[in-house]
Amino acid sequence: MIRAVKGTRDLLPPSIAVWNHVEQVARRVFRAYHYQEIRTPIFEETQLFARGVGEETDIVTKEMYTFEDRDGSSLTLRPENTAAVIRAYLEHRLDQRPGIQKLFYLGPMFRRERPQKGRYRQFYQIGAEAIGSESPAIDAEVIELVVEILERAGLSGFTTLLNSVGCPACRPRYVARLREELGEAAPRMCPDCQRRAVTNPLRVLDCKIPEDQPVIERLPSILDHLCDVCQPHFAAVRQYLDDRGIAYEVRPRLVRGLDYYMRTTFEVVHGALGAQNSVLGGGRYDGLAESLGGRIPAPGIGFSIGEDRLVMAVEEAHPGRFADRPDLMILPLGEAALRHAGLLARELRRQDFSVEVSPGGKLKRTLETAHKIGARFVLILGDDEIAGGTYSLKDMTSGVQTPVRREEIARRLEGIQ
RNA sequence: GUGGGUAUAGCUCAGCCGGUAGAGCGCUGGAUUGUGGUUCCAGUGGCCGAGGGUUCGAAUCCCUCUACCCACCCCA
């Protein structure tokens with residue numbers, strides 16, 4: 001039997017309703033903050049991600065779905081979308097449009113990792129980028145926006161982590177300092193940290209091994225090494241978040257995996273997700289456009305929500321709450337009633353009601369089916385009703401059944417919407 | 001790439017020390033006429049992940065493989 005390939009999955013009812021709910025909430029919030037949608041291709045030239053994400057990152061070195069096209073060019077299924085959005089910004093000269101470009105996207109991304117809870121090879125991200133301003137006010141607004149999405153989606157009990165990772169002016173100095181310290185400390189740490197101390201010192205900071213924590217505590221903090229630009233920028237972001245009453249925790253050891261981040265970085269974690277507890281990550285990337293070879297500066301900040309993880313957490317918090325239930329199920333008794341039901345259903349469907357028509361059978365069974373599929377109302381339609389010109393409308397929640405005339409049905413259904 | 005766990009009905013799982021399969025849920029139907037949720041009855045269901053070995057006999061013991069899950073790595 002042919003099965004879905006490793007790390008991919010079918011999204012089925014009823015949980016697809018949660019996906020739609022999350023996406024609908026996101027679209028509504030994006031609209032409120034005046035973000036507009038952008039849809040970039042699912043695959044791009046490999047170079048875009050190699051340069052955008054960082055040649056040395058794990059994503060680029062071992063997790064990309066890269067293939068050779070028939071003309072010999074190297075293409076890659078997108079492992080993330082920020083680089084592509086910036087590419088589009090440069091390609092279409094969106095810098096020439098008025099104001100800050102605020103764009104959102106949602107869709108599948110691809111990384112060839114070993115699947116586990118909350119991690120898939122085809123996974124979905126809901127993200128946004130605000131391009132064209134270096135102002136810390138934008139940073140705060142972006143964080144406010146993403147928190148708004150999470151809350152309105154039905155998530156609670158999450159923690160927003162905030163940090164600044166500096167910029168090309170100050171981070172190298174900090175990294176050098178860190179290397180120095182690690183020269184002494186690393187030998188006392190876990191094997192992974194000893195490796196990271198050489199390859200990527202910043203990664204040592206978020207090692208999870210308990211024994212290493214005391215050592216990590218004593219390592220220098222990047223926040224003490226921010227330059228004259230980064231330091232006030234970070235202070236301003238915090239100020240604006242405080243103004244809004246948005247809760248966050250400063251985590252000087254929060255580092256991001258993608259090379260393009262600078263200054264503000266943030267992450268939201270949630271307990272109910274297993275080891276992959278991060279629901280979203282984001283940050284500022286003022287130098288990304290240049291590293292893509294663009295001559296136009298495109299300072300920006302963005303985030304991406306791991307939709308699979310958000311859906312998982314929302315489902316856990318509100319089981320069964322977002323199921324798609326039909327407003328009405330029509331139960332015709334007999335051939336004449338079935339024909340009549342077809343016409344009636346079409347009329348109601350044109351008024352945007354969700355209507356199911358039973359193909360027939362014993363009333364007891366069809367009522368049982370109506371109950372199982374969650375129909376809010378049931379309309380019983382037999383010879384008596386056709387003759388009398390009224391229908392029997394039953395409220396499946398209360399069990400109360402009342403005679404209604406055709407023109408009353410819509411109004412009765414409205415009452416429950 | 002590394003480690004651990006699990007594979008038996010559509011789903012969740014029993015099945016001890018080897019004697020050729022069970023439950024609950026689901027699904028279909030019935031409990032006399034056109035009334036659901038509860039109840040009762042019946043039916044439907046399985047190459048016991050695949051291959052090999054031990055044995056008179058393997059879902060059960062051994063080996064190999066595969067798949068899935070979880071964790072590491074890394075990240076959303």
Side-chain angles (χ1 to χ4, degrees), chain A residues 1-9 12 53-54 56-63 78-82 106-127 146 150 190-193 195-196 199-200 203 206-209 254-258 261 266-270 273-283 302-313 329 331-334 337 358 360-385 391-401:
Chain A
M1 198 171 85
I2 298 176
R3 304 166 53 101
V5 316
K6 185 196 281 287
T8 71
R9 56 193 182 140
L12 303 170
V53 176
E56 303 307 318
T57 58
D58 277 16
I59 292 176
V60 170
T61 56
K62 44 191 194 199
E63 294 174 1
R78 61 184 190 190
E80 60 99 52
N81 208 30
T82 298
L106 85 222
M109 308 293 159
F110 306 85
R111 291 182 202 173
R112 199 181 184 292
E113 297 181 273
R114 195 78 172 261
Q116 69 186 80
K117 189 177 172 70
R119 184 160 77 196
Y120 307 94
R121 290 182 172 184
Q122 174 172 336
F123 62 103
Y124 295 80
Q125 289 191 333
I126 300 174
V146 80
L150 299 184
C190 71
D192 279 329
C193 280
R195 179 176 51 77
R196 285 185 284 236
T199 58
N200 193 350
R203 283 259 151 245
D206 65 353
C207 173
K208 292 169 197 115
I209 308 280
L254 172 72
V255 292
R256 302 241 50 94
L258 286 64
Y261 286 115
F266 55 94
E267 181 170 334
V268 170
V269 293
H270 191 272
L273 295 174
Q276 306 305 311
N277 67 348
S278 167
V279 200
L280 104 233
F303 63 83
S304 60
I305 297 172
E307 190 176 358
D308 307 70
R309 295 177 188 178
L310 177 55
V311 166
M312 193 192 306
M329 183 157 180
L331 311 183
L333 302 164
S358 166
K362 298 177 79 167
L363 181 59
K364 183 178 165 56
R365 289 295 172 195
T366 55
L367 256 175
E368 206 173 311
T369 303
H371 175 252
K372 282 175 184 167
I373 67 173
R376 296 170 207 276
F377 282 86
V378 135
L379 192 79
I380 297 165
L381 209 179
D383 295 339
D384 298 350
E385 282 78 6
Y391 308 91
S392 301
L393 185 67
K394 180 167 187 168
D395 181 330
M396 292 298 276
T397 312
S398 65
V400 176
Q401 184 170 321

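To find a chain, count down the sequence lines: A is the first, B the second, and so on, and within it residues start at 1. Quick note: numbers below take in every heavy atom, side chains included, and nothing from hydrogens, waters or symmetry partners.
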Tell whether Arg365(A) reaches the base of G34(B) with its side chain through a donor-acceptor pair below 3.5 angstrom.
no
Quick one: label Glu368(A) by what it contacts on the DNA or RNA (base, sugar-phosphate, nothing), any heavy atom closer than 4.0 Å.
sugar-phosphate
How far, in whole Å, is A59(B) from G19(B) if one measures between their C1' atoms?
13 Å
All heavy atoms of Glu385(A) vs all of Ser392(A), minimum pair found to be OE2-OG, 3.0 Å
Pick the P atom in G49(B) and in U2(B), then give their distance to the nearest Å.
26 Å
Answer with base, sugar-phosphate or nothing: what part of the nucleic acid does Ile380(A) contact at a heavy-atom distance below 4.0 Å?
base
Pairing partner (Watson-Crick or G-U wobble, both distances under 3.5 angstrom) of U28(B):
A42(B)
Please lay out, stage by stage, how Tyr120(A) and Asp308(A) fare under the test side chain to side chain contact (heavy atoms under 4.5 Å, CB included).
CA-CA 9 Å; Tyr120(A) 307 94; Asp308(A) 307 70; 3.7 Å; yes
Gly118(A) near the nucleic acid: base, sugar-phosphate alone, or nothing, with a heavy-atom cut-off under 4.0 Å?
base
In whole Å, I'd like the distance from the CD atom of Glu307(A) to the P atom of A76(B).
16 Å
Side-chain N or O of Lys6(A) closer than 4.0 Å to phosphate OP1/OP2 of C68(B)
yes
Picking from C74(B), G30(B), G34(B), the nucleotide nearest the side-chain atoms of Arg119(A) would be C74(B)
Using whole Å, report how far CG of Leu379(A) lies from C1' of U35(B).
13 Å
Phosphate OP1/OP2 of G36(B): any Lys362(A) side-chain N/O under 4.0 Å:
no
Between P on A67(B) and CZ on Arg121(A), what's the gap in Å once rounded to a whole number?
10 Å
Between G30(B) and U20(B), how many Å separate the two P atoms, rounded to a whole number?
37 Å
Select base, sugar-phosphate, or nothing to describe what Ile305(A) touches, counting heavy atoms under 4.0 Å on all strands.
nothing
Report yes if some heavy atom in the side chain of Ile59(A) is under 4.5 Å from a heavy atom in the side chain of Arg111(A); otherwise report no.
yes
Would you say the side chain of Arg121(A) lies within less than 4.5 Å of the side chain of Lys6(A), judging by non-hydrogen atoms?
yes
Have a look at Val378(A) and say if it touches a base, only the backbone sugar-phosphate, or nothing, with a 4.0 Å heavy-atom cut-off.
nothing
Just to be sure I understand the rule, does Gln401(A) reach a base, reach only the sugar-phosphate, or reach nothing, if contact means heavy atoms closer than 4.0 Å?
base
Residue matched to U35(B) through Watson-Crick or wobble contacts both under 3.5 angstrom:
none
Contact check, side chains of Leu381(A) and Leu333(A), non-hydrogen atoms, under 4.5 Å:
no
Pick base, sugar-phosphate or nothing for Lys372(A), based on heavy-atom distances below 4.0 Å to the nucleic acid.
sugar-phosphate
To the nearest Å, give me how far apart CZ (Arg112(A)) and C1' (A76(B)) are.
19 Å
Between Leu367(A) and Arg309(A), name the one whose nearest nucleotide on RNA chain B is closer to the 5' end.
Leu367(A)
Separation between the P atoms of G43(B) and U55(B), rounded to whole Å
41 Å
May I ask you to verify if any side-chain N or O of Gln116(A) is less than 4.0 angstrom from the OP1 or OP2 atom of C69(B)?
no
Is there a Watson-Crick or G-U wobble partner for A14(B) with both distances under 3.5 Å, and if so, which one is it?
none
Using the P atom on both, measure U54(B) against C63(B) and round to a whole Å.
15 Å
With rounding to whole Å, what would you report as the distance between G10(B) and U44(B) at their C1' atoms?
11 Å
For C48(B), what is the paired nucleotide under Watson-Crick or G-U wobble rules, both distances under 3.5 Å?
none
Students often get this wrong, so: under 4.0 angstrom with heavy atoms, is Asp308(A) touching a base, only sugar-phosphate, or nothing?
nothing
Please give, in whole Å, the distance from U2(B) P to Lys62(A) NZ?
12 Å
Of the nucleotides A76(B), G34(B), C73(B), which one has an atom closest to the side chain of Asp58(A)?
C73(B)
Euclidean distance, atom CD of residue Glu63(A) to atom P of G1(B) [Å, nearest integer]
12 Å
Which whole-number value in Å describes the distance from Asp383(A) CG to G34(B) P?
11 Å
Nearest to side-chain heavy atoms of Lys117(A), which nucleotide of G34(B), A76(B), A71(B):
A71(B)
Taking atom C1' in both G37(B) and A21(B), what distance in whole Å separates the two?
34 Å
Under-4.0 Å side-chain N/O to phosphate OP1/OP2 contact, Arg114(A) with G3(B)
no
If I take atom CG in residue Leu331(A) and atom P in nucleotide G36(B), what distance separates them, rounded to the nearest angstrom?
12 Å
If you define the side chain from C-beta out and look only at heavy atoms, does anything of Val269(A) sit under 4.5 Å from Val279(A)?
no
Going by distance alone, is a donor N or O of one side chain under 3.5 Å from an acceptor N or O of the other, for Glu80(A) and Ser304(A)?
no
Could you pick out which residue, Arg3(A) or His371(A), lies toward the 5' side of RNA chain B when each is mapped onto its nearest nucleotide?
His371(A)
What distance, rounded to whole Å, do you find between the two C1' atoms, one in U60(B) and one in G53(B)?
15 Å
Can you find a heavy atom in the side chain of Glu267(A) that is under 4.5 Å from one in the side chain of Ser278(A)?
yes
Strand partner of G3(B), provided both Watson-Crick or wobble distances fall under 3.5 Å:
C70(B)
Going by heavy atoms in the side chains, are Gln125(A) and Phe123(A) under 4.5 Å from each other?
yes
Return no unless some side-chain N or O of Lys364(A) is found under 4.0 Å from OP1 or OP2 of G29(B).
no
Heavy atoms under 4.0 Å, any strand shown: does Met396(A) hit a base, just sugar-phosphate, or nothing?
base
